[in-house]
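Since the structure comes first, as structure tokens, the remarks are kept for the end.
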2 protein chains.
Amino acid sequence: MDIAALRAAHPDHWKLATAIRVLAIDAVQAANSGHPGMPMGMADVATVLYRNHLKFDAKAPNWADRDRFVLSAGHGSMLLYALLHLTGYEQATLEEVKNFRQWGARMAGHPEFGHLEGVETTTGPLGQGISTAVGMAIAEKSMAARFGKSVVDHKIWVIAGDGCLMEGISQEAIGLAGKQELDNLIVLWDNNNITIDGRVTVSDKTDQRARFAASGWVVLSCDGHDPADIDRALTEAKKAKAPVLVDCKTIIGFGAPNKADSYAVHGAPLGGDEIKATREVYGWPHGPFEIPADIKADWEAIGARGAAEHAAWAARLDALSPTKKAEFERQMSRGVPKKLATAIRAFKKANSEAAPKVATRKASEMVLAAVNPVVPETIGGSADLTGSNLTKTSDISDFMPDNRKGRYMRYGIREHAMAAAMNGMWLHGGVRPYGGTFFCFTDYARGAMRLSALMGVPTVYVMTHDSIGLGEDGPTHQPVEHLAICRATPNTWTFRPADVIETAEAWELALSSERTPSVLALSRQNLPTLRTAHNQKNLTAQGAYVIAEAAGKRQAILMATGSEVEIALKARDLLQAEAIGTRVVSMPCMELFAAQPEAYRRKILPPGAVRVAVEAAIRQPWDRWLLGERGSEKKADFVGMEGFGASAPAERLYAEFGITPEAIAAKVKALL
Amino acid sequence: MDIAALRAAHPDHWKLATAIRVLAIDAVQAANSGHPGMPMGMADVATVLYRNHLKFDAKAPNWADRDRFVLSAGHGSMLLYALLHLTGYEQATLEEVKNFRQWGARMAGHPEFGHLEGVETTTGPLGQGISTAVGMAIAEKSMAARFGKSVVDHKIWVIAGDGCLMEGISQEAIGLAGKQELDNLIVLWDNNNITIDGRVTVSDKTDQRARFAASGWVVLSCDGHDPADIDRALTEAKKAKAPVLVDCKTIIGFGAPNKADSYAVHGAPLGGDEIKATREVYGWPHGPFEIPADIKADWEAIGARGAAEHAAWAARLDALSPTKKAEFERQMSRGVPKKLATAIRAFKKANSEAAPKVATRKASEMVLAAVNPVVPETIGGSADLTGSNLTKTSDISDFMPDNRKGRYMRYGIREHAMAAAMNGMWLHGGVRPYGGTFFCFTDYARGAMRLSALMGVPTVYVMTHDSIGLGEDGPTHQPVEHLAICRATPNTWTFRPADVIETAEAWELALSSERTPSVLALSRQNLPTLRTAHNQKNLTAQGAYVIAEAAGKRQAILMATGSEVEIALKARDLLQAEAIGTRVVSMPCMELFAAQPEAYRRKILPPGAVRVAVEAAIRQPWDRWLLGERGSEKKADFVGMEGFGASAPAERLYAEFGITPEAIAAKVKALL
């Protein structure tokens, strides 16, 4: 579209959209880094969205029934920041715009959840936003079913670029959303035919419209610079009975006379000359960061547009029964129900007495059977391994288009989208998600699992088949480095419980976590109950504790996790039989142990004794506990894996890889 | 299709296909674990493929011009094993079939490259096979362009299940193959509508045919149990001018009277009763593992079918010029050209003199400019970050449908498929692949990177922007745990070169590697040349070495990698100014250092001095070198990251996170 004609035809719109563009241009220029092209290209679509469609109240960024807006193409962060500033979000000041990408900025290089109100999720790694949005849409449907359309009835809007659509995770998200008929999800595709390497056609000739349609989406399109056409498409999108893709044909860097429609405008400042020329094209005589008062006022009026609707909603919320309202608010604010601790205590008591010999994946299922009835906001699921992960309890049914009260997600063979969708559910509020796959396939979900940690989303990853103990499926399915990977990731609790009791304790911690995701690494193979004396206290909360004390003089300390605690205890028997006093420390969570006061750590790992750590995985995370914490190289050793596993029955693998009581005892004796 | 009718209509086919089925059933039963349903369902398709279409010679499993067969649905491994046994692959004995999934077995739970001839790639993690096959197809096109259709003219056949097609990586592979118009790639989709959780429709309603067509594939279909119909589809597929999806409608567990067409037959032995009943349905009176001699002979004739074609091909290869033939054989056998070492030495000499101050990503580009002309089998690429990764040298052009001699892949925003395709290129032979993205986005490629390590495929991962040094893009793009992740992965060399010289040395090692993949973690920011005295020897090969010796009595040892070596050297200046003798050790590759004899390690890290390690990443991998190797907790400290990074200019981040010469010097002094 010709810019002069556009300006003439839609003068009010033009001013609003141009304010976004120049803020993006100026902020990127001032920061001397950033991505101006996308905000310039999508300003028209975003203006129409915020002006006419998005349900929001700039003065109440956390209004529960607001529409969610997800900028999946997170590099275009200035589009979002400009919108938040212009519409009057309190934290999104002009000073912050000027501080874009600087130390301590709320307006980080890519939008980061928790830094700035109005940023619904962290984006930047491509494809995450659209997949997280699917989780938000699921949460909306779940909440609406549980609390009623009178208080939950909103849309999830996404802006996604070609990069998002080329990432594999997008297919997982598209397939999941299509199957679930999420008609509350609308993706606005910034179809500008440009990627960093040039035209999209350099690397792809996919007909995106046909691809989305193949998964049951409604596909619409519009001229992404014509406000009337955009408005028509968005109006239609809201009426669809399926998730919607709106193909918005746009020009990246719209209006930059020399750089528009090229990758040159994607990820670098325009430069002084081009900015000057662009301002002339825009008819924008104002200086850097200067927004005329009337245009700012018009934008703030848009920001206030939802206030009345917000007030009406508040009245409807008040009309709920006090119990229902309180429960709605508890779930939206992510509070932990008081009954959780009681249920876990009762579970521990019963099972320390019953002392079942079960795999910790089975123990996890038993815990969930006790937990799900008292934590009604859980939504469980699995990436097509329900019978293996044991994530579905009998009291919950499948979440489906015709059963939105269902609390079990059939994610399909889509580990990455599962993880991203779980992030989205929690970010939306009202849902506490957990989901399972084989521990080894955290490899497929890493991108989203890292975002759980970075955002502080307490997703629970139920990762079963956690070692060579899975046996015959072989090394492709046997994690050896994955405990190290999870432990290397900041703000992640990696639990590897040793028995049914530790499993219950890990679940209690995971479901009570406010801002830390949890990985539960669970065994395929059966393990005895080791904690047969009931203790109300959650010992796993300390990360490590003495599970068997040395008889006589303490000469050795064995440290182990999960299925290897049993083996360590047997090694202790061998050593004690030779009068070698041996303590066994169970260490279900290194991160929580590291967070204990030094005095506690020293009590568990006193200096003097030889130390042997036992874990069917690589040694890397153990050096701290073996050699550090007053340990010493001369008195420390490790029993575990040095390379990949193999295909054979589990018992044989443990024997062949030397993870046996005898091998442990021999190492201890060699050190004495 | 009615089984009785099928048997009557195609008696020869039926016997051949049934031999596959019963071997799969018997082997799974004997192993008491495995997946019988898929081989039972796809036996007809596989029989027609091997009998009439696949170009192979069972007596020459490594014939360069053979068709490649990739079992992407790797859990159906017994399908492949049965085919290899029946057609007469020497290693695929009946004893091996009986040893399925046992310790030391060639026939592992999932097909593993290197365990058994005829297994072209390791599969099991879903979606990997189809994506690896795309790389094989690219390699075939490249080799055909470079050596001629007379010696390179074959197909890549894939069997993929619903699981493969639901994984996100499959979309990346489909898009890449479609864009590249890989008409040598044929995917046979085992469309049985069953996943582990039940019907596919529980989690997906994607029209797969439309989805593939949207990316430019030819889509065919057949009744997957009717040999005539299968043959028609496969015949047509070979003529297509684009990659082909053949939708093979099948029944999982075909013929099992009580378990067919259900998930019950997917991943567990059939059990004695069902096996008996199934044998009756099949009309197969023979005992377990019993294949009548006539049927075995028919299969072996199929295995010998390609011998004449193989001989004709050998004659055509001999007809090439001796130089061309020798080069073909060198590339196919993955030999390293002798000129590589010479080029690297010349590069090091020139650059130790010129001493450029460049980012190591730029240094990498400079090395590649020297290397690509003398290693003609490299195919470079990037996941849409060419200008950032600096992976394209001026002498190579884009690999495209109209330019198959091109040596640069525009992978698009598809990190996972890039990694898998690179595996496929090397597995095919004739290509040494390298490819780039941001180091942080190894998260997206982990699934395939792990397979590089597990298979022993020496892919080179060019991972730029390797720390908070990337600056303003912020923590979503700043790796902190990724060095630990790569180092935790067995059989992976993680290089983090400190300057242009170490970068050249790392490249030499990576391109000379026979069975170990390499990750090159490269800086965004400029770094000075530290090694200004030319040394012919590749010091990086030792993993760590003294880059600056202590003046006077050695009181401290600083260890660092990459961009932090410069900082450590500045800290040394501060310390030496206070007469604290300080050695600086550059440790570009921990794995290679760990592999050195103890005497060498001790020479580099002698006991006594205090040790401080410096790396803009988490500490986990460093404990071994700080606390172990005769180090001690009381005399060791770490300067690096404890959590995620932030969005700000790089210098500011280094200052705020305390990775400075002053902070290092202070820690050393605190320990003295």
Side-chain angles (χ1 to χ4, degrees), chain A residues 33 101-103 108-110 124-126 163 166-169 171-172 175 179 195-197 202-207 210-211 214-216 384-386 410 412-414 416 443-444 446-447 450 454 472-476 481 484-485 488-490 618 620 623-624 627-628 633 643-644 647-648 652, chain B residues 33 101-103 108-110 124-126 163 166-169 171-172 175 179 195-197 202-207 210-211 214-216 384-386 410 412-414 416 443-444 446-447 450 454 472-476 481 484-485 488-490 618 620 623-624 627-628 633 643-644 647-648 652:
Chain A
S33 89
R101 291 185 156 235
Q102 305 310 305
W103 179 257
H110 292 79
L126 293 171
M166 287 174 80
E167 289 288 1
I169 188 177
Q171 181 63 30
E172 299 182 13
K179 163 63 199 175
T195 72
I196 290 175
D197 271 13
V202 163
S203 58
D204 196 30
K205 60 176 191 180
T206 298
D207 177 345
R211 177 187 166 213
S215 287
D384 196 49
L385 285 168
T386 298
R410 301 286 179 174
I413 300 115
R414 305 180 178 113
H416 205 173
D443 283 346
Y444 280 65
R446 264 287 303 167
R450 186 177 203 255
L454 180 60
E472 293 89 343
D473 274 349
T476 51
E481 71 273 45
I485 290 172
T489 306
I618 63 134
Q620 190 187 81
D623 282 323
R624 169 170 180 183
L627 313 178
E633 191 176 26
F644 294 110
S647 169
R652 182 70 184 267
Chain B
S33 87
R101 292 185 155 234
Q102 304 310 305
W103 178 258
H110 293 80
L126 293 171
M166 287 175 79
E167 290 287 1
I169 189 175
Q171 181 62 30
E172 300 183 12
K179 162 64 199 174
T195 73
I196 291 174
D197 271 13
V202 163
S203 58
D204 196 30
K205 61 175 191 181
T206 298
D207 177 345
R211 176 185 166 216
S215 286
D384 196 50
L385 286 169
T386 297
R410 301 285 180 175
I413 300 116
R414 305 180 178 113
H416 205 173
D443 283 344
Y444 281 65
R446 263 289 302 168
R450 184 176 205 255
L454 181 60
E472 293 89 343
D473 274 349
T476 50
E481 70 274 43
I485 290 172
T489 307
I618 62 134
Q620 189 171 278
D623 282 324
R624 169 169 180 182
L627 313 178
E633 190 177 28
F644 294 111
S647 170
R652 183 71 184 268

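Proteins come first, then strands; the chains are lettered A, B, ... in the order of their sequence lines, and each starts at number 1. Only this structure's heavy atoms are used, side chains among them; waters, hydrogens and symmetry mates stay out.
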Between the main-chain N or O of [Y] and the side-chain N or O of [X], is there a donor-acceptor pair closer than 3.5 Å?
{"X": "B:Y444", "Y": "A:L126", "answer": "yes"}
{"X": "A:D384", "Y": "B:I196", "answer": "yes"}
{"X": "B:S647", "Y": "A:G109", "answer": "yes"}
{"X": "A:Q620", "Y": "B:Q620", "answer": "no"}

Would you mind checking which part of [X] comes under 4.5 Å of any heavy atom in chain B, side chain (CB onward), backbone (N, CA, C, O), both or neither?
{"X": "A:H110", "answer": "both"}
{"X": "A:I618", "answer": "side chain"}
{"X": "A:S33", "answer": "side chain"}

Practice prompt. For each of A:E167, A:Q102, A:R652, A:K205, tally heavy-atom pairs with chain B at distances under 4.5 Å, and name the one with the top tally.
Written response: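 Counting heavy-atom pairs under 4.5 Å, the top option is A:E167.
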Item to complete: Among A:G643, A:A210, A:P475, single out the residue with the greatest number of heavy-atom pairs under 4.5 Å to chain B.
Response: A:P475
Which atom pair, heavy atoms only, marks the closest approach of [X] to [Y]?
{"X": "B:R410", "Y": "A:S203", "result": "O-CB, 3.4 Å"}
{"X": "B:V202", "Y": "A:K179", "result": "O-CE, 3.4 Å"}
{"X": "A:A488", "Y": "B:A484", "result": "CB-CB, 3.8 Å"}
{"X": "A:G628", "Y": "B:E633", "result": "C-OE2, 3.3 Å"}
{"X": "B:G163", "Y": "A:I413", "result": "CA-CD1, 3.5 Å"}

Worksheet entry | For chain A, the option from B:G412, B:G124, B:G474, B:P125 that forms the most heavy-atom pairs under 4.5 Å | B:P125
Discussion item. If we define contacts as heavy-atom pairs under 4.5 Å, which of B:D207, B:I169, B:D473 has the most with chain A?
Written reply: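 Highest number of pairs under 4.5 Å: B:D473.
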Side-chain contact, heavy-atom cut-off 4.5 Å: [X] with [Y]?
{"X": "A:T476", "Y": "B:L454", "value": "yes"}
{"X": "B:R446", "Y": "A:E481", "value": "yes"}
{"X": "B:E172", "Y": "A:M166", "value": "no"}

Item to complete: Could I get the full list of side chain to side chain donor-acceptor pair (under 3.5 Å) partners for A:D204, not counting sequence neighbours?
Response: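 Scan of A:D204 (side chain to side chain donor-acceptor pair (under 3.5 Å), adjacent residues dropped) gives A:T206, B:R414.
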Discussion item. Taking salt bridge (Lys or Arg N to Asp or Glu O under 4.0 Å) as the definition, give me every residue that meets it alongside B:E472, ordered by chain and number, with sequence neighbours left out.
Written reply: B:R524
Discussion item. What's the separation between atom CG in A:D443 and atom CG in B:D443, rounded to the nearest 0.5 Å?
Written reply: 10.0 Å
